[in-house]
Amino acid sequence: MTAVGTALGKDLVGLEPLSAEQLQLILDTAEPFKEVSERQIKKVPALRGKTIVNLFFEASTRTRISFEFAEKRLSADTVNVAAVGSSVSKGETLVDTARNLEAMRIDMVVIRHGSSGAAKFLGDRIASNVVNAGDGKHEHPTQALLDMLTLRDKFGKLDGLKVAIVGDVLHSRVARSNIWGLTRLGAEVGVCGPHTLLPRGIESLGVTVLPRVEDAIQWADALNVLRLQLERMTAGFIPSLREYNRVFGISSERLRKAPKDLVILHPGPMNRGVEIDSDVADGEHSVILPQVTNGVAVRMAVLYLLAGGRPGPHQADGGER
Ligand code: CP
């Protein structure tokens with residue numbers, strides 16, 4: 001099946017190529033979809049008859065389940081494929097896997113993959129819409145969109161907001177997507193972490209480097225706290241987890257020195273007691289669970305727009321037929 005050109009193009013590979021208008025369109029389209037998840041019958045017929053394959057070649061809890069809920073709440077038919085248990089484990093390539101799925105007449109592929117560029121590689125080779133659910137260290141666009149929606153809920157706007165991303169920025173696709181998306185919508189982004197975990201030359205992306213976590217806490221309106229991605233580290237980037245927590249961990253003791261109450265985000269999964277203490281993660285200024293709730297609405301919006309849907313008063317009831 002041939003995917004149609006939409007307000008977002010054929011695929012959502014990252015936020016880097018999107019304009020401010022396209023980002024705003026996704027966030028605005030997500031708004032009415034929030035309410036669908038609060039209904040007793042959590043379903044609208046917007047993607048009835050569409051078939052979506054979720055190809056998850058890396059572990060995921062939030063993103064995989066959130067995409068599946070989004071698809072089901074839009075009435076799409078969904079199939080989940082993991083590397084384990086599929087013919088990928090016998091050596092079949094990504095493109096051959098997707099082409100075989102297309103031979104069964106699918107419409108969209110949602111892909112998580114350990115290699116940066118995997119989503120674009122696939123999108124360039126198949127006719128179905130491709131949505132990047134996280135590719136290596138490159139981008140995790142729907143995570144950044146849900147972060148932005150959550151910040152917009154909290155502050156009313158993104159323009160002028162100061163968001164500090166704290167932690168393992170080097171290995172983080174979440175950081176990259178947040179930097180592209182937030183700066184394009186007028187927010188200021190700071191990055192903070194051990195110098196071994198900050199990409200060299202990151203200032204060229206228009207961000208402020210905050211060398212100490214105390215600097216980030218003084219500067220920011222919100223902190224987006226990142227996990228140390230030990231699974232992607234090929235060398236000793238930090239002396240120890242205990243040392244990392246002592247120097248960069250977000251604790252209530254540190255936050256008490258902030259000039260204002262900081263909103264706390266974390267994309268999950270969290271390592272409590274390493275990058276964030278439990279009383280902060282579960283505290284009154286944490287929006288970590290609202291982020292997860294917004295993830296479903298954002299993913300509904302992305303899937304709806306890529307399928308050619310138009311935002312408007314009808315979308316959360318009937319949508320496009
Ligand atoms: N935030 C995020 O991508 O979480 P999962 O790895 O659980 O999907």
Side-chain angles (χ1 to χ4, degrees), residues 12-16 26-27 30 37 52-73 78 80-84 108-119 130-151 153 163 165-182 193 197 222-233 250 263-272 274-276 280-282 286-303:
L12 179 68
V13 166
L15 299 192
E16 182 181 2
I26 298 170
L27 299 182
S37 294
I52 305 179
V53 176
N54 300 309
L55 278 180
F56 275 71
F57 293 154
E58 265 195 341
S60 170
T61 297
R62 279 147 292 271
T63 313
R64 184 178 60 77
I65 295 170
S66 174
F67 264 111
E68 196 176 347
F69 277 143
E71 293 154 6
K72 287 186 156 63
R73 289 176 193 180
T78 67
N80 297 318
V81 180
V84 178
M108 290 191 194
V109 175
V110 175
I111 178 168
R112 167 165 291 194
H113 201 283
S115 299
S116 301
V130 172
V131 185
N132 183 5
D135 62 330
K137 296 190 284 184
H138 173 233
E139 283 221 40
H140 191 348
T142 57
Q143 177 67 47
L145 287 162
L146 73 88
D147 294 344
M148 290 155 69
L149 186 63
T150 308
L151 286 166
D153 288 349
V163 182
I165 302 172
V166 181
D168 180 2
V169 178
L170 181 67
H171 298 101
S172 177
R173 52 199 178 203
V174 174
R176 276 170 193 75
S177 289
N178 264 276
I179 290 169
W180 293 121
L182 284 166
L197 293 177
L223 301 182
N224 197 347
V225 187
L226 302 179
R227 179 176 68 89
L228 293 173
Q229 300 200 26
L230 298 172
E231 72 277 19
R232 294 189 211 283
M233 293 186 191
I250 304 300
V263 170
I264 304 296
L265 300 98
H266 193 305
M270 283 186 279
N271 287 141
R272 291 170 182 262
V274 180
E275 73 272 10
I276 191 165
V280 176
D282 304 328
S286 166
V287 291
I288 295 170
L289 291 178
Q291 285 176 268
V292 177
T293 305
N294 276 342
V296 177
V298 153
R299 289 169 179 130
M300 288 172 83
V302 165
L303 297 168

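Atoms within each ligand, like the ligands themselves, are counted from 1 in listed order. Sequence positions, counted from 1, serve as the residue numbers for this chain.
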For Asn294, enumerate each residue passing the side-chain hydrogen bond (donor to acceptor under 3.5 Å, both in side chains) test, keeping only those at least two apart in sequence or located in another chain.
-> Thr150, Asp153
Nitrogen or oxygen of Arg64 less than 3.5 angstrom from that of ligand 1 | no
Are any of the N/O atoms in Gly268 less than 3.5 Å from those in ligand 1?
-> yes
Determine whether the side chains of Arg227 and His266 contain a donor N or O and an acceptor N or O closer than 3.5 Å.
-> no
With atoms numbered from 1 as shown, which atoms in ligand 1 lie under 4.0 angstrom from a non-hydrogen atom of Thr61?
-> 5 (P), 7 (O), 8 (O)
How far apart are the C-alpha atoms of Glu68 and Asn54, what are their side-chain angles, what is the distance that settles it, and do they pass the side chain to side chain donor-acceptor pair (under 3.5 Å) test?
-> CA-CA 8 Å; Glu68 196 176 347; Asn54 300 309; 5.1 Å; no
Cationic tip of Arg299 within the cone over Phe67's six-membered ring, i.e. under 6.0 Å and within 45° of the normal?
-> yes
Counting heavy atoms only, name the option from Arg112, Glu58, Arg62 that's nearest to atom 6 (O) of ligand 1.
-> Arg112
What residue and atom, counting heavy atoms only, is the protein's closest point to atom 2 (C) of ligand 1, and at what distance?
-> Thr63 OG1, 3.4 Å
What protein heavy atom sits nearest atom 1 (N) of ligand 1, and how far away is it?
-> Pro267 O, 2.8 Å
Got a salt bridge between Arg272 and Asp282, using NZ or NE/NH1/NH2 to carboxylate O under 4.0 Å?
-> yes
Interatomic spacing from CG in Asp147 to CG in Asn224 - rounded to 0.5 Å | 5.0 Å
Check if His140 has a non-hydrogen atom at a distance under 4.0 Å from any atom of ligand 1.
-> yes
